[in-house]
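What's counted below: heavy atoms across the whole structure, side chains too, no hydrogens, waters or symmetry copies. Along the sequence shown, the residues carry numbers beginning at 1.
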Amino acid sequence: MFKSEVLAELTRTHQPALRNLSDVEKILLERFVGLEEPIRALILAVASGEPLLLVGPPGTAKSRLIRAFCGLTGLLDEHDFSQSQDSYFEYLLTPFTEPGELFGFYDISQISKGQLNRLDKGMMQNATVVYLDEVFNGSSAILNSILAFMNERIFHDRGVRKRVAMQYLFAASNQTPETAELRAVYDRFVLRCEVANAKAEPNDLKALVQAGWRETYSQQPRRRNHATLLGEMQALRKSIATFTDQGKLVPQQEMPFYNSLAQIVQHARQYDLSEMSNRRLVKLVYIMLIHRIYEAAQADKIPANLTLREDELRLIPRFFLDRTETDIVERMKRVEIRNG
């Protein structure tokens with residue numbers, strides 16, 4: 001779908017950064033047993049800058065995983081979660097959460113002077129990384145603001161459009177929403193991943209208890225800080241934009257790939273697993289590209305014929321559906337790229 005030599009150039013240029021990202025993934029895999037899929041979804045969200053939603057019951061380590069990542073990148077002190085940088089914002093939403101709790105309340109001392117100034121230090125609009133727990137519990141006013149953050153990277157403050165600092169939005173929910181208003185927000189989460197409790201199998205429970213015990217009752221060792229990672233990923237995305245502007249990185253007329261992609265999209269729509277909107281399809285291809293160069297960067301030698309593969313097509317049933325149905329999902333995973 002893209003020129004092999006351009007993908008190879010991107011991979012070579014950003015290989016150290018992508019391997020840095022891989023180091024973070026390996027640490028998370030060691031710490032969180034059975035969360036391979038959520039961790040890979042998180043890694044793709046970090047590389048692409050696209051929003052991530054984790055869906056699952058309480059107690060499945062959704063918040064812990066996000067905090068662990070933020071600890072590894074220096075945004076949080078895992079030995080004292082109260083010590084965080086202003087570039088990280090976390091909040092648990094409820095139906096009673098007020099906008100001021102996210103964006104800052106007005107300075108009471110200035111109101112009597114006729115001035116409405118927000119006390120916005122450390123608030124959501126000034127954070128690089130935002131994590132919203134139970135994101136769909138927010139009021140209409142809050143959800144509308146979140147949409148503006150996601151769509152335009154803009155905060156509407158009393159009629160004034162202000163650019164926000166947010167580069168990454170992570171969110172969690174116990175369940176997927178049903179109402180039209182909430183589905184609009186849900187659709188903006190490009191990457192979605194279900195997080196489940198461990199299976200009631202001896203080996204699964206053994207692995208869970210051993211890893212979970214260390215995670216819960218011991219202090220995490222102080223590891224090499226990956227504080228440069230977020231900046232490195234931003235540089236990767238800037239390179240993709242530059243290559244696109246130069247006309248070097250544009251989708252090609254590779255019909256076998258499009259035929260296979262169309263087959264999977266048709267399955268998703270036919271069985272009501274996802275509408276696969278135009279917006280989501282374009283972003284899907286973007287994340288496929290990210291995934292391919294991330295995987296290629298792990299090799300000792302970057303492949304000469306660097307193209308999108310079946311592995312990239314299988315990202316669709318893993319992270320892009322509104323709901324899953326086992327038989328159909330398995331059928332989607334078996335679709336191959338065939339010549340002709």
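When the side-chain hydrogen bond (donor to acceptor under 3.5 Å, both in side chains) test is applied to Asp311, the partners found at least two apart in sequence or on another chain are Arg314. In terms of the salt bridge (charged side-chain N to carboxylate O under 4.0 Å, His left out) criterion, residue partners of Arg183 (sequence neighbours excluded) are, by chain and number, Asp322. For Glu90, the salt bridge (charged side-chain N to carboxylate O under 4.0 Å, His left out) criterion is met by Arg67, not counting sequence neighbours. Under the side-chain hydrogen bond (donor to acceptor under 3.5 Å, both in side chains) criterion, Ser173 pairs with no residue, sequence neighbours left out. Under the salt bridge (charged side-chain N to carboxylate O under 4.0 Å, His left out) criterion, Arg318 pairs with Glu37, not counting sequence neighbours. Arg161 meets the salt bridge (charged side-chain N to carboxylate O under 4.0 Å, His left out) test with Glu152; sequence neighbours excluded.
Side chain of Thr60 to main chain of Gly56: no donor-acceptor pair is present (N/O by atom type, distance under 3.5 Å, no hydrogens or angles). In this structure, Arg188 contributes its side chain and Leu147 its backbone to no donor-acceptor pair below 3.5 Å. Using modelled atom types, one side-chain atom of Asn126 and one backbone atom of Asp120 make a donor-acceptor pair closer than 3.5 Å. Judged purely by atom type and a 3.5 angstrom limit, Arg292 has no side-chain atom pairing as donor or acceptor with the backbone of Glu312.
Salt-bridge formation is not detected for the pair Arg309/Glu336: no Lys NZ or Arg NE/NH1/NH2 atom is positioned less than 4.0 Å from an Asp or Glu carboxylate oxygen. A salt bridge links Asp86 with Lys121: at least one charged nitrogen is closer than 4.0 Å to a carboxylate oxygen. Using a 4.0 Å cut-off between a side-chain N of Lys or Arg and a carboxylate O of Asp or Glu, Glu310 and Lys333 do not qualify as a salt bridge.
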Audit row: Arg323, Tyr271, side chain to side chain donor-acceptor pair (under 3.5 Å) steps and yes/no: CA-CA 10 Å; Arg323 65 181 187 86; Tyr271 295 100; over 6 Å; no
Passes side chain to side chain donor-acceptor pair (under 3.5 Å), Gln85 versus Ser87? Steps please. CA-CA 5 Å; Gln85 299 184 19; Ser87 52; 3.3 Å; yes
Stepwise side chain to side chain contact (heavy atoms under 4.5 Å, CB included) check, Ile264 with Met276: CA-CA 10 Å; Ile264 293 180; Met276 297 300 293; over 6 Å; no
I'd like to know whether Asp107 forms a salt bridge (Lys or Arg N to Asp or Glu O under 4.0 Å) with Arg118, so could you lay out the CA-CA distance, the side-chain angles of the two residues, the decisive distance to 0.1 Å, and finally the verdict. CA-CA 6 Å; Asp107 187 345; Arg118 284 190 187 275; over 6 Å; no
Test side chain to side chain contact (heavy atoms under 4.5 Å, CB included) applied to His267 and Leu273, step by step: CA-CA 8 Å; His267 280 320; Leu273 303 184; over 6 Å; no
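How far CD1 of Ile293 is from CG of Leu236: 4.5 Å, rounded to the nearest 0.5 Å. The CG atom of Leu132 sits 5.0 Å away from the CG atom of Leu93 when rounded to the nearest 0.5 Å. Atom CD1 of Ile146 sits about 9.5 Å away from atom CG of Asn144, to the nearest 0.5 Å. The NZ atom of Lys199 sits 13.5 Å away from the CG atom of Leu208 when rounded to the nearest 0.5 Å. Between the CG atom in Leu315 and the CG atom in Leu308 there is a gap of 9.5 Å [rounded to 0.5 Å]. Note that CD1 of Ile43 is 9.0 Å distant from CE of Met233, once rounded to the nearest 0.5 Å.
Hydrophobic cluster membership is shared by Tyr258 and Leu289, with clusters built from Ile, Leu, Val, Met, Phe, Trp and Tyr side chains linked at under 4.5 angstrom. Taken together through direct or relayed side-chain contacts under 4.5 Å among Ile, Leu, Val, Met, Phe, Trp and Tyr, Val46 and Leu75 form part of one hydrophobic cluster. Placement of Tyr131 and Leu54 within a single hydrophobic cluster is found when ILVMFWY residues are connected by side-chain heavy-atom separations under 4.5 Å, directly or transitively.
Counting heavy atoms from C-beta outward, Leu191 and Leu53 have side chains that stay 4.5 Å or more apart. Taking 4.5 Å as the limit, every side-chain heavy atom of Phe2 sits out of range of all side-chain heavy atoms of Met288.
Pairs engaging residues 272-281 under the side chain to side chain donor-acceptor pair (under 3.5 Å) rule: Asp187-Arg279 [sequence neighbours left out]. Residue pairs satisfying the salt bridge (charged side-chain N to carboxylate O under 4.0 Å, His left out) criterion with at least one member in residues 200-212, sequence neighbours excluded, are absent. Applying the ring pair (Phe, Tyr, Trp, His ring centres under 6.0 Å) test to every pair with at least one member in residues 164-197, sequence neighbours left out, gives no pairs at all. Pairs of residues two or more places apart, or lying in two chains, never qualify as salt bridge (charged side-chain N to carboxylate O under 4.0 Å, His left out) while including a residue from residues 122-131. Evaluation of the ring pair (Phe, Tyr, Trp, His ring centres under 6.0 Å) test over residues 84-106, restricted to residues two or more places apart or in two chains, returns Phe103-Phe149, Phe103-Phe155. Pairs engaging residues 40-65 under the salt bridge (charged side-chain N to carboxylate O under 4.0 Å, His left out) rule: Glu25-Arg40, Arg40-Glu295, Glu50-Lys283, Arg64-Glu215 [sequence neighbours left out].
For the residue pair Gln167 / Thr128, no side-chain donor-acceptor distance below 3.5 Å is found, with atom types taken as modelled. Judged by distance alone, the side chains of Thr94 and Glu134 never bring a donor and an acceptor atom under 3.5 Å apart. Checked by atom type, the side-chain pair Ser145/His156 shows no donor-acceptor distance below 3.5 Å. Defined by atom type and a distance below 3.5 Å, a donor-acceptor pair is missing between the side-chain atoms of Gln15 and Thr11.
Leu143 and Gly138 make their closest contact through CD1-O, 3.5 Å (heavy atoms, listed as atom of the first residue, atom of the second, distance). For Leu52 against Ala45, the heavy-atom pair with the smallest separation is CB-CB, 3.8 Å.
Taking a 6.0 Å sphere around CG of Asn151, one finds it holds more than 12 heavy atoms contributed by other residues, nucleotides or ligands. When the shell of 6.0 Å around CD of Gln246 is examined, it contains more than 12 heavy atoms from other residues, nucleotides or ligands.
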